Amino acid sequence: MRLSKRLEMIVELASAWAPDKKETQGRAFCVADVGTDHGFVPICLVERGIAARALALDVREGPLARAREHVKEHGLERQIDLRLGDGLKPLVPGEADMVILSGMGGELMLRILREKSCVRTSVRRWLFSPQSELALFRHGLAELGLSICYEVMMEEDGKYYTMMVAEPGTMSYPEEYCYRYGQALIQSGSPILQEYLKREACQLMRIQRELKAEGSEGAKRRLKQVKEQLQEVELVRRKLREWVPKEDGAGEMAAAGTEEPVRVHQQKGSPESVL
């Protein structure tokens, strides 16, 4: 099955961070995909032997019906269990070793995590890809006792995606911009984050020029906010330029099943270290 680069990266991260048999106490690795849509991610995880079992969850009957058709086409009815329900509610504590949440806003993901704490506390590893509200989401993970241990940023078709692997633990960043842009990405000098911030800086400078030309009281108040945002962006860009490459640092990582390399930067390490 051919996936988009974004979904392929999710599969690759799930493979890289799958708990071993010692962590699962000898049980076969089971992954749950919340908001499975067409069911492509669980199908690939099982077909490639990454997961022995998968749980495909969706709150809507339509996407789940499509996922059911795809699972049947691939002959995986015994390995993939499809469940209708909101968020983590269809899960039983302890049955999923890893849970994938992607393609949703950060605020919605936090609501899902808060609603069934008995399941949340039983999961060993999480894979997140929030589409918005990343600063809010990182703060929320810390409040829920989850720590980001790995973070990657990629670009596909002009859109930027951030993916995070998290585990139970404590997390505290020294500055607010670390929550906004990702401390691991900043510390590792992510070239994709550099590209993203360059675009952000250009957009903010354009808005700044327009507000200056307008000259109204409302424009002046907004101009102050834009200046502060631009200062923060430039600060993070300086931090990224200070980064010194290491042997296991940045680069292009080819995603399996794609003809072109997925443009990413990865950082594995302690989120508590200070910039």
Side-chain angles (χ1 to χ4, degrees), residues 7-36 39-58 76 79-83 85-104 106 108-130 134 137-152 162-173 182-184 266-273:
L7 293 183
E8 190 64 50
M9 182 57 64
I10 289 173
V11 171
E12 291 292 319
L13 288 175
S15 175
W17 285 86
D20 57 30
K21 287 191 175 182
K22 183 178 180 181
E23 291 179 281
T24 61
Q25 298 179 340
R27 293 184 294 103
F29 172 49
C30 177
V31 62
D33 183 29
V34 179
T36 195
F40 293 154
V41 168
I43 288 170
C44 283
L45 288 172
V46 172
E47 279 192 332
R48 297 179 190 180
I50 298 167
R53 291 181 58 241
L55 309 170
L57 285 57
D58 209 289
L76 298 173
Q79 294 101 313
I80 299 178
D81 188 5
L82 296 106
R83 300 179 188 178
D86 187 13
L88 303 177
K89 292 178 181 178
L91 293 178
V92 174
E95 68 175 336
D97 304 297
M98 174 183 284
V99 174
I100 299 170
L101 275 163
S102 66
M104 312 172 201
L108 175 57
M109 286 188 179
L110 289 175
R111 192 266 293 170
I112 288 172
L113 290 171
R114 290 178 180 128
E115 280 187 344
K116 201 166 182 183
S117 60
C118 61
V119 170
R120 187 185 73 242
T121 55
S122 72
V123 176
R124 293 182 176 274
R125 204 149 289 146
W126 299 85
L127 204 167
F128 300 115
S129 183
L134 270 69
F137 185 70
R138 291 185 180 101
H139 276 292
L141 291 183
E143 292 167 4
L144 291 170
L146 292 173
S147 174
I148 298 169
C149 49
Y150 189 97
E151 196 155 348
V152 58
T162 300
M163 300 174 191
M164 314 165 186
V165 177
E167 299 175 337
T170 58
M171 180 173 71
S172 178
Y173 294 158
Q183 177 158 291
Q266 306 174 73
Q267 174 67 18
K268 178 178 176 181
S270 170
E272 286 85 13
S273 56

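Remember, it's a predicted structure, so these values are computed and weren't measured experimentally. We number each residue from 1, following the sequence as shown.
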key: Ala56 backbone acceptor or donor facing Asp33 side chain under 3.5 Å   = no

Flag side-chain contact, heavy atom, 4.5 Å: Tyr173 against Ile148 = yes

key: Result of checking Leu88, Leu113, Asp58 against Val34 for side-chain contact (heavy atoms from CB on, under 4.5 Å)   = Leu88

request  = Could you walk me through whether Leu7 and Val41 pass the side chain to side chain contact (heavy atoms under 4.5 Å, CB included) test, one step at a time?
outcome  = CA-CA 7 Å; Leu7 293 183; Val41 168; 3.9 Å; yes

query = Between Met171 and Leu141, what is the shortest heavy-atom contact and its length?
reply = CE-CB, 4.1 Å

inquiry  = Strictly distance-based, threshold 3.5 Å: is any side-chain N or O of Arg125 a donor or acceptor partner for the main-chain N or O of Trp17?
reply    = yes

inquiry  = Going by the rule side-chain contact (heavy atoms from CB on, under 4.5 Å), which residues pair with Ser129 if we only count those two or more places apart in sequence or in a different chain?
reply    = Ser102, Met163

ask   = Do NZ/NE/NH1/NH2 and the carboxylate oxygens of Arg138 and Glu151 come within less than 4.0 Å?
value = yes

remark   = Here the pair of heavy atoms bringing Phe137 nearest to Gly106 is CD1-O, 3.5 Å

ask   = Checking Lys116 side chain against Leu91 main chain: does a donor-acceptor pair fall under 3.5 Å?
value = yes

task = Report the distance from atom CZ of Phe128 to atom CE of Met104, rounding to the nearest 0.5 Å.
result = 10.5 Å

remark   = CG (Asp86) and CD (Glu115) are apart, to the nearest 0.5 Å, by 5.5 Å

note = Value for CD1 (Ile50) from CZ (Phe29), rounded to nearest 0.5 Å, stands at 8.5 Å

message = Quick check for you: to the nearest 0.5 Å, what is the distance between Gln79 atom CD and Ile43 atom CD1?
response = 11.0 Å

inquiry  = side chain to side chain contact (heavy atoms under 4.5 Å, CB included) for Ile80 and Leu55? Distances and angles first, verdict last.
reply    = CA-CA 6 Å; Ile80 299 178; Leu55 309 170; over 6 Å; no

ask   = Mind checking what makes salt bridge (charged side-chain N to carboxylate O under 4.0 Å, His left out) contact with Arg83, not counting sequence neighbours?
value = Asp81, Glu95

ask   = Okay, side chain of Thr121, backbone of Ser117: is any donor-acceptor separation there less than 3.5 Å?
value = yes

inquiry  = I want to check something: taking the side chain as every heavy atom from C-beta on, are Arg114 and Glu143 in contact at a cut-off of under 4.5 Å?
reply    = yes

query = Can Arg120 and Glu167 be said to form a salt bridge (Lys or Arg N to Asp or Glu O under 4.0 Å), step by step?
reply = CA-CA 10 Å; Arg120 187 185 73 242; Glu167 299 175 337; over 6 Å; no

Nearest non-hydrogen partners of Gly85 and Pro90, listed with the distance = CA-CG, 3.5 Å

task = Could you pull out the closest heavy-atom pair between Pro168 and Val123, with the gap in Å?
result = CG-O, 3.9 Å

ask   = What's the shortest heavy-atom distance between Gly87 and Ile112, and which atoms?
value = CA-CG2, 3.7 Å

task = Apply the side-chain contact (heavy atoms from CB on, under 4.5 Å) test between Val31 and each candidate in Ile100, Val46, Leu127; give the one that qualifies.
result = Ile100

note = Closest non-hydrogen atoms of Ala28 and Asp97, given as atom of the first, atom of the second and distance, are O-OD2, 3.7 Å

